[in-house]
Enquirer: 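Handing you this structure, nothing more for now.
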2 protein chains.
Amino acid sequence: MKKRATIKDVAKYAGVSTAAVSYVLNGKEYRVSPDTAEKIREAIRELNYIPDYSARSLVKNASKLIGVIIPQTEDSKQLILENPFYSEMVSNIESRLRESGYHLILSGVDKGESYLDLSVQRNLDGAIIMGIYPEQFYAELKQVEIPIVLIDSYINDPWFSKVGVDDEYGGYLATCHLIERGHRNIALVTGSIRKDGVVEKRFLGYKRALREADIFYNPDHVFEHSVSYAYGYEAGKTIASKHPEITAVFATADMVAFGVIQGIKEAGREVPDDISVIGFDDIFLSRMFVPPLTTVRQDIALKGKRAAELLLEIIESDEPEKIDRKEVTIPLSIVERQTVRPLKPRS
Amino acid sequence: MKKRATIKDVAKYAGVSTAAVSYVLNGKEYRVSPDTAEKIREAIRELNYIPDYSARSLVKNASKLIGVIIPQTEDSKQLILENPFYSEMVSNIESRLRESGYHLILSGVDKGESYLDLSVQRNLDGAIIMGIYPEQFYAELKQVEIPIVLIDSYINDPWFSKVGVDDEYGGYLATCHLIERGHRNIALVTGSIRKDGVVEKRFLGYKRALREADIFYNPDHVFEHSVSYAYGYEAGKTIASKHPEITAVFATADMVAFGVIQGIKEAGREVPDDISVIGFDDIFLSRMFVPPLTTVRQDIALKGKRAAELLLEIIESDEPEKIDRKEVTIPLSIVERQTVRPLKPRS
DNA sequence: AATAACATTGACAGCGGTTTCACCAATGGA
DNA sequence: TCCATTGGTGAAACCGCTGTCAATGTTATT
C-alpha cells in the first residue's frame, strides 16, 4: 500500500515549510508570495495531495461533520427511513450540506443510550434532529454545546433552532375540511401522542375544529398507536367494520392514511364513497396513490433545506453562541385530491 | 464552554500515565494491574471522559467511518432516497454498522467529481456503493485501497466484494411468469440500460424468456428512460393508448411499475383486466398498493445487512488485503398478487 | 547610509490520542 | 546472597495539520 502524501511531502517537494503549504490550503495566501503559492499548488497537484480531516479536526476543533438523527422503530433498531417523509428530508439535507462542504453522519439513537458519545467522539460541528425523544436526551445534547436544529419538535429551549409547521393549525385545517363537507363523525388515526411532538398539536387542532363546529369530541374516535402503514390498516378495518357512524378519517400522516384506506377496502367499504380520508404531509406517493390522497401539504424538501441552512448559519458565524436561534415555520395548505367526498345533507 | 476531559486529565486524576489509560481504553488490560485499571475506570467515569475519534483516527489510521454512496438524480443533486428501495437498504446498513461501532457517512457523488476526496479526507475504513457509475470512478476508488462492497453492480474486479441478485434470472422469471399466463406482447419499461448495471441483466433475461418461447423480440416494446414513477407513468400512458397489442408489462422496478399502472388507468384502461403488470424488488409499498403488485421479490433488508457484514468481515480481518472478496447473491422469487391476469387462450 | 517598516518565510509547539521501549521493583531460582 | 526474569509503569516519539512568532530579506523613509 503506497503511502498517501502528507503536508510534509508537499512542503519538501515545493521546497518550502509546511506552514506555507497550510497557508495556501486555507486560503491565507496573502501570507505567501504569488510564486511560492503557485509552486505549492503545483506540488499539491503533482503529489495528489489530499488533506486529512482528522488531523485538521484535531487542531481546529471543527470536523465539518454534521450529525443527522432519525427516529427508529421501537422493536428493531432500524431507522424509520421507510417513511418517505424522512428520506425526502434527509436527501435534501444531505445535498444542501454537501454543497457547503459538510458531510453527514446518519444515525439512529439507541433507546437509553445517549447521542452524546457520537457527537463528542466525532467532534460534530452540529446536528439536525428529527422526531421527538425523552427530555433527558435534549438536556445532554445541550451540554455538548454544539449548534442543533430540531425538526418537528416543540421542545421549548432557546438553545435549539427549530423548523416545523404549525401542526395545530394543520390539524385544524384538515378537520375543518372534513366538517365543511358535512362530516360530523370524524375519526383521528395517529401515532402515539407524545408531549412536545407534532401529533399532540395536530390532535389539539382536531379538537378545536370539532369544538368550533359544536361537535362533541368522542374519545372512542381517536385511534392512537404508531405512525405506520400497518397500524393505519388495522385502524381502517376497525373503523369500517365496527363504527358505522364514522364517515371520515383524519390520519396524521400520509403513510397512515394509506393504511387506513386499504383497511377500509379490506372491510368491504369504499373510499371516498363510504368513508372519506384526509392525510398529512403530502409525500410524493400521495399523488400517485389510488385514489390520489387528499392531504395537508407541507413542503418537505424545503423543510430539509431550511434546516440545513439554519444550522450552517449558526456554525459559520463567528460567535455561534451569540447567534440568535431561529424558528422557521413552513406553510401548510390543503391539497384536494380524491379521497374526500362531500356528504349530502341529511335528509 | 467548559473543556472536555482529555486522556491527560484522566491520567492525572487517576495518578497514572496516559499510556495506562490508553491500555484500559483499548482492552489491553493485561498490561495493567487490576487495581490501577479500576482506578482508571473510576477516573473515566468521574470525569465523563469520551475519547476523541479524530485523534485516534490520526494515529491508528482507522476512522470507524464507513462511506455509503447512493445514486442521485441527474438534474438536481438529490439522493434517490425517495425510492424506498434505497431507504430500506440504507436503514439496514446503518443499523448493522452501528451495532459494530461504526458510523456511516451518507453521500451522493457529484457527477465528474470523484469520491476519492471524501474517502481519503475522512480516512474511511470502507465503503458501500449502490448503483452504477462511470468506470473511472471505480478505478480511482481502487487506488484508495479501502475495502469496498458494491451493491447491485456487475463491475468485474476482484478487489470489490459484491452483493446482488441474479438479475438475468429475475428478468427471465418475470417474463416467463407473464408468458406462462398467455401473454405474448410484453413491454419492458425500465431505467436506462447501462453497462454492468442490473437493468442490463434484467433486459437480457427478458429477451431470453422471449426467445425460449419463440416470441419475436420487438425493440418498439422496450421503453427505456429512468427509474422513476414519473417515467413509468408516461410509459404506461403511451402503452395503453398507442399499443393496443401489448397485454403485459414488465417494469424493472416497483416504483416504475406503480407509475405504469397509474398511467394505464389514466389512459382509461384497467390493470390487470386490460393490461397485466409485473414489477421488480418488492418494496414494502408493493404490498399496499392498489391493486397489490405482483413482482419479483428480493429481500432488501437482507441485502443491506449482508453488504454491511461483508464489509466488516474484510475490515476487521488482520490482513484486509489478503481476505478473499466475496460475492453474495440474494435469492429471488415471484410473489403473485393482483396485477397479473392470465389471458384466455385466443379463440 | 542608516533605520524603520513591511512582506515572506520557517521552526516549533501543540491538538488528543497510541505505542514503543526503557526502567524499576518484586519475584524466583541458583 | 546475587542475578535473571517478569509484570507494571511512564517518558517520549509520533500521527498530520495549524497557527504563533521570531527571523529573515526587501523596500521605503529620513
Enquirer: Sequence neighbours left out, what passes side chain to side chain donor-acceptor pair (under 3.5 Å) with E82(A)? Give chain and number order.
Expert: none
Enquirer: Select base, sugar-phosphate, or nothing to describe what V21(A) touches, counting heavy atoms under 4.0 Å on all strands.
Expert: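 The residue V21(A) makes no contact with any strand.
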Enquirer: Please state how far atom NZ in K64(A) lies from atom C1' in dC17(D), giving the value in whole angstrom units.
Expert: 16 Å
Enquirer: Check the distance between dG16(C)'s C1' and R56(B)'s CZ and give it to me in whole angstrom.
Expert: 11 Å
Enquirer: By nearest nucleotide on DNA chain D, pick out whichever of V59(B) and A37(B) is the more 5' one.
Expert: A37(B)
Enquirer: So does Y23(A) reach the base of dT20(D) with its side chain, donor to acceptor, closer than 3.5 Å?
Expert: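 Pair found.
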Enquirer: Mind running a 4.0 Å heavy-atom check of residues 38-51 of chain B against DNA chain C and sending the residues that fall below it, in number order?
Expert: Y49(B), I50(B), P51(B)
Enquirer: Would one find a side-chain N or O of N61(B) under 4.0 angstrom from OP1 or OP2 of dC15(D)?
Expert: no
Enquirer: Mind checking what makes salt bridge (charged side-chain N to carboxylate O under 4.0 Å, His left out) contact with E135(B), not counting sequence neighbours?
Expert: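 Salt bridge (charged side-chain N to carboxylate O under 4.0 Å, His left out) list for E135(B), sorted by chain: empty.
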Enquirer: Taking atom C1' of dT18(C) as reference, at what distance in whole Å does atom NZ of K28(B) sit?
Expert: 8 Å
Enquirer: Rounding to an integer number of Å, can you tell me how far D9(B) CG sits from dG16(C) P?
Expert: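 It is 9 Å, rounded to the nearest whole Å.
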Enquirer: Per the end-axis method with five pairs at each terminus, what is the bend angle of the helix from dA1(C)-dT30(D) to dA30(C)-dT1(D), to 10°?
Expert: 60°
Enquirer: Could you label the plane-to-plane angle of the Y138(A) and F160(A) rings as parallel, tilted or perpendicular, counting under 30° as parallel and over 60° as perpendicular?
Expert: perpendicular
Enquirer: State whether E46(A) and R41(A) are salt-bridged, where the test is any N-O pair (Lys NZ or Arg NE/NH1/NH2 against Asp/Glu carboxylate O) under 4.0 Å.
Expert: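 Looking at R41(A) together with E46(A), the answer is no, because their closest N to O distance does not fall below 4.0 Å.
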Enquirer: Whole angstroms only, please: what is the CG-P distance between L58(A) and dC15(C)?
Expert: 9 Å
Enquirer: Would you call E99(B) and R96(B) a salt bridge, using N to O less than 4.0 angstrom?
Expert: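 Salt bridge between E99(B) and R96(B), a charged N being under 4.0 Å from a carboxylate O: yes.
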Enquirer: Measure the distance from CG on N123(A) to C1' on dG16(C) and round it to the nearest whole Å.
Expert: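 To the nearest whole Å, that distance equals 10 Å.
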Enquirer: Between A55(B) and A20(B), name the one whose nearest nucleotide on DNA chain D is closer to the 5' end.
Expert: A20(B)
Enquirer: Rounded off to whole Å, could you give me the NZ-to-P distance for the K8(B) and dT18(C) pair?
Expert: 12 Å
Enquirer: Distance-only check: which donor-acceptor pairs under 3.5 Å involve side-chain atoms of residues 149-158 of chain B, not counting sequence neighbours?
Expert:
from    : atom 1 : to      : atom 2 : distance (Å)
D152(B) : OD1    : K303(B) : NZ     : 2.6
D152(B) : OD2    : K303(B) : NZ     : 2.9
S153(B) : OG     : I155(B) : N      : 3.1
Y154(B) : OH     : V165(B) : O      : 3.0
Y154(B) : OH     : D167(B) : N      : 3.2
Y154(B) : OH     : D167(B) : OD2    : 2.8
D157(B) : OD1    : W159(B) : N      : 2.8
D157(B) : OD2    : K142(B) : NZ     : 2.9

Enquirer: Respond yes when some side-chain nitrogen or oxygen of S17(B) is under 4.0 Å from OP1 or OP2 of dG10(D), and no when none is.
Expert: yes
Enquirer: Enumerate all atom pairs, one protein N or O and one N or O from nucleotides 6-8 of chain D, separated by less than 3.5 Å.
Expert:
from   : atom 1 : to     : atom 2 : distance (Å)
dG8(D) : OP2    : Y30(B) : O      : 3.3

Enquirer: Roughly how many Å is it from CG in L25(A) to P in dG19(D), rounded to a whole number?
Expert: 11 Å
Enquirer: Salt-bridge test for E88(A) and K305(A): reply yes if a basic N is under 4.0 Å from a carboxylate O, no otherwise.
Expert: no
Enquirer: Looking only at side chains, do S54(B) and S57(A) share a donor and an acceptor under 3.5 Å apart?
Expert: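 A pair is found: one side chain offers a donor N or O, the other an acceptor, under 3.5 Å apart.
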Enquirer: Of the options dG16(C), dT20(D), dG10(D), whose atoms approach the side-chain atoms of A19(A) most closely?
Expert: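 Comparing dG16(C), dT20(D), dG10(D) against the side chain of A19(A), the answer is dT20(D).
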